[in-house]
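All remarks here apply to the structure that follows.
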Amino acid sequence: MNENNRTAKLMTIGVAVVLILVVCGISVIVHAIHKKDAEDSGSRLQSDIIDYASSGQEQSVMAQDIVKAPEKEEEPEEQAGQDEPQSDAEEPKKEAETKNEAEAKTGEPAVVVDKEQTQAAGSIIEEVKKEENQQTTAKWQKEAGENLAMVEIDLPRQMSEMKGYWEAGNMLAVEDLAYLPRYRAASEKLSGTTKYYYFGDTDGQNRPNGMGLAMYTDNQYYYGEWKDGVRSGNGMWIKFYVYDQNAKAKDSQYLQHSYSGTWGNDLPNGDGAEHYDFIDENLEENVGYNRNFIGSFKNGLYNGEIYITNYYKDGNSKEWSGTAVNGVWKSLGEKDKEGKYPVIVDLTNPDNYQWMKATENKNNGVNGLISAAK
């Protein structure tokens with residue numbers, strides 16, 4: 001009996017051990033299967049990440065190529081008319097000039113030139129003489145095949161140079177500079193705008209305020225007093241004329257046109273003098289050309305009694321007088337058969353007049369002056 005009980009117990013224990021071993025084996029197998037699946041999943045995830053990164057890199061490169069492609073296509077247009085391609089050393093200057101052009105056509109009227117970029121002027125008189133010796137035409141004539149777009153400029157230095165001579169009252173040096181290609185090239189960059197490059201005193205808002213020099217398009221300059229960003233006080237404006245070599249004499253008579261006096265609201269306002277210089281060789285014989293208008297101005301127009309002198313090719317002159325109101329000359333008598341009225345009288349001969357049609361008698365004043373206030 002006892003033997004049978006012992007045998008039964010041993011069998012029970014054996015079965016239990018076998019069951020435990022089977023369960024453990026099954027657990028090991030399941031764990032191994034899960035581990036393999038996890039490794040495969042991790043490998044696939046890592047592979048997916050690598051593929052995604054590679055795909056993103058390809059997309060990024062493609063995007064850059066799309067952006068750059070138009071620039072490469074536009075290069076021939078940008079270099080059209082150039083004799084030689086620009087070197088890498090010229091690129092910073094080109095970028096600076098492009099920036100100046102962009103500033104000149106947007107935002108505030110004044111493109112304030114940074115004084116800190118100004119370089120030592122050196123002997124500018126020697127440079128002027130050197131460039132004059134190279135010219136084969138008169139200073140008011142363009143060189144054959146001239147292309148100002150190809151002329152290098154250094155705006156801070158040029159503005160500093162001219163301002164220095166203007167301050168010293170050396171207008172011959174100012175004139176020499178203004179006719180040089182690099183000055184005309186800088187002025188041409190403002191073409192089509194009323195904006196200007198400015199070099200001088202400024203206020204807290206970086207507006208012209210105090211004494212300063214401005215360069216406009218059309219070879220125009222102003223040096224004098226400013227207030228709140230506009231010409232105000234005493235100053236001088238001048239335009240330098242330049243003609244093509246084949247220009248006819250009758251179309252190329254003026255050398256310079258200027259106004260000196262009082263300013264307000266960016267225009268001649270108050271007492272002042274308008275003046276013309278002529279190219280004598282292009283003037284007609286026995287014809288008087290009005291040269292000086294001295295008196296009172298209002299918003300750039302003659303306003304009040306005006307003293308006038310005219311100029312003849314032989315160097316002689318006459319004196320005249322007239323009275324205007326807001327740019328309209330007062331008539332001094334009845335109109336003639338051609339419909340013209342006497343408006344200006346010869347001071348040495350009261351029977352001699354300058355005549356003008358009523359339709360032409362308007363806006364008489366400093367013509368051609370660039371101002372955003374006009």
Side-chain angles (χ1 to χ4, degrees), residues 96-97 99-101 103-104 107-122 124-125 127-128 151 153-191 193-203 205-242 256-268 272-273 275 300 366 368-373:
E97 291 171 8
K99 180 181 178 183
N100 287 334
E101 289 183 80
E103 289 176 338
E108 295 297 323
V111 179
V112 179
V113 178
D114 190 354
K115 295 181 182 179
E116 295 180 0
Q117 297 178 3
T118 305
Q119 302 175 1
I124 184 60
I125 292 297
E127 293 183 25
V128 170
V151 177
I153 65 172
D154 184 346
L155 198 57
R157 182 184 178 187
Q158 291 175 215
M159 296 292 284
S160 176
E161 289 168 353
M162 181 171 281
K163 182 173 180 286
Y165 287 117
W166 219 308
E167 287 176 342
N170 189 346
M171 294 308 295
L172 290 178
V174 169
E175 177 181 323
D176 286 338
L177 293 178
Y179 280 110
L180 295 179
R182 56 194 169 98
Y183 277 83
R184 293 190 286 112
S187 175
E188 190 172 86
K189 289 184 178 295
L190 298 165
S191 179
T193 75
T194 58
K195 299 184 184 299
Y196 53 92
Y197 296 126
Y198 176 80
F199 190 89
D201 301 330
T202 57
D203 62 13
Q205 301 179 47
N206 205 33
R207 298 178 302 180
N209 201 77
M211 292 294 292
L213 170 70
M215 173 195 288
Y216 301 79
T217 189
D218 201 27
N219 301 319
Q220 296 191 23
Y221 295 86
Y222 169 85
Y223 175 74
E225 295 178 319
W226 299 74
K227 185 177 181 181
D228 299 331
V230 298
R231 290 170 282 193
S232 182
N234 292 313
M236 178 180 183
W237 164 85
I238 189 167
K239 168 183 168 61
F240 298 93
Y241 289 82
V242 181
Q256 297 168 19
H257 179 197
S258 64
Y259 168 84
S260 298
T262 307
W263 294 72
N265 190 34
D266 207 48
L267 292 168
H275 174 77
V366 187
L369 186 152
I370 296 173
S371 172

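Computed from heavy atoms alone, side chains included, the values below leave out hydrogens, waters and symmetry copies.
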By ring-ring contact (aromatic ring centres under 6.0 Å, His included) - contacts of Y198 (at least two apart): W226
Under the side-chain contact (heavy atoms from CB on, under 4.5 Å) rule, collect the residues that match up with [X], sequence neighbours excluded.
| X | value |
| --- | --- |
| E167 | K163, Y223 |
| V242 | K142, Y179, R184, N219 |
| A273 | I294 |
| S258 | M236, I238, H275 |

Pairwise distance [atom1]([X]) to [atom2]([Y]) - rounded to 0.5 angstrom:
| X | Y | atom1 | atom2 | answer |
| --- | --- | --- | --- | --- |
| M211 | N234 | CE | CG | 8.5 Å |
| M171 | L177 | CE | CG | 10.5 Å |
| D201 | N209 | CG | CG | 8.0 Å |
| E161 | R182 | CD | CZ | 5.0 Å |

Inter- and intrachain pairs under salt bridge (charged side-chain N to carboxylate O under 4.0 Å, His left out), touching residues 205-223, at least two apart: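 Passing the test, one end in residues 205-223: D203-R207, R207-D228, D218-K239.
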Can you sort out the partners of [X] under side-chain hydrogen bond (donor to acceptor under 3.5 Å, both in side chains), two or more places apart, ordered by chain and number?
| X | result |
| --- | --- |
| D266 | R231, S371 |
| Q256 | E175 |
| W263 | none |

Expected output: side-chain T262 to main-chain G233 donor-acceptor under 3.5 Å: no
Within-4.5 Å side-chain heavy-atom neighbours: V174 and F240: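 Yes - at least one pair of side-chain heavy atoms lies under 4.5 Å apart.
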Over all atoms of both residues, closest heavy-atom pair of P156 and D114: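 In terms of heavy atoms, the two residues are closest at CB-O, 4.0 Å.
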Step-by-step side chain to side chain contact (heavy atoms under 4.5 Å, CB included) determination, Y197 to Q158: CA-CA 11 Å; Y197 296 126; Q158 291 175 215; over 6 Å; no
W166 and Y221 aromatic ring geometry - parallel, tilted or perpendicular at 30°/60° bounds: tilted
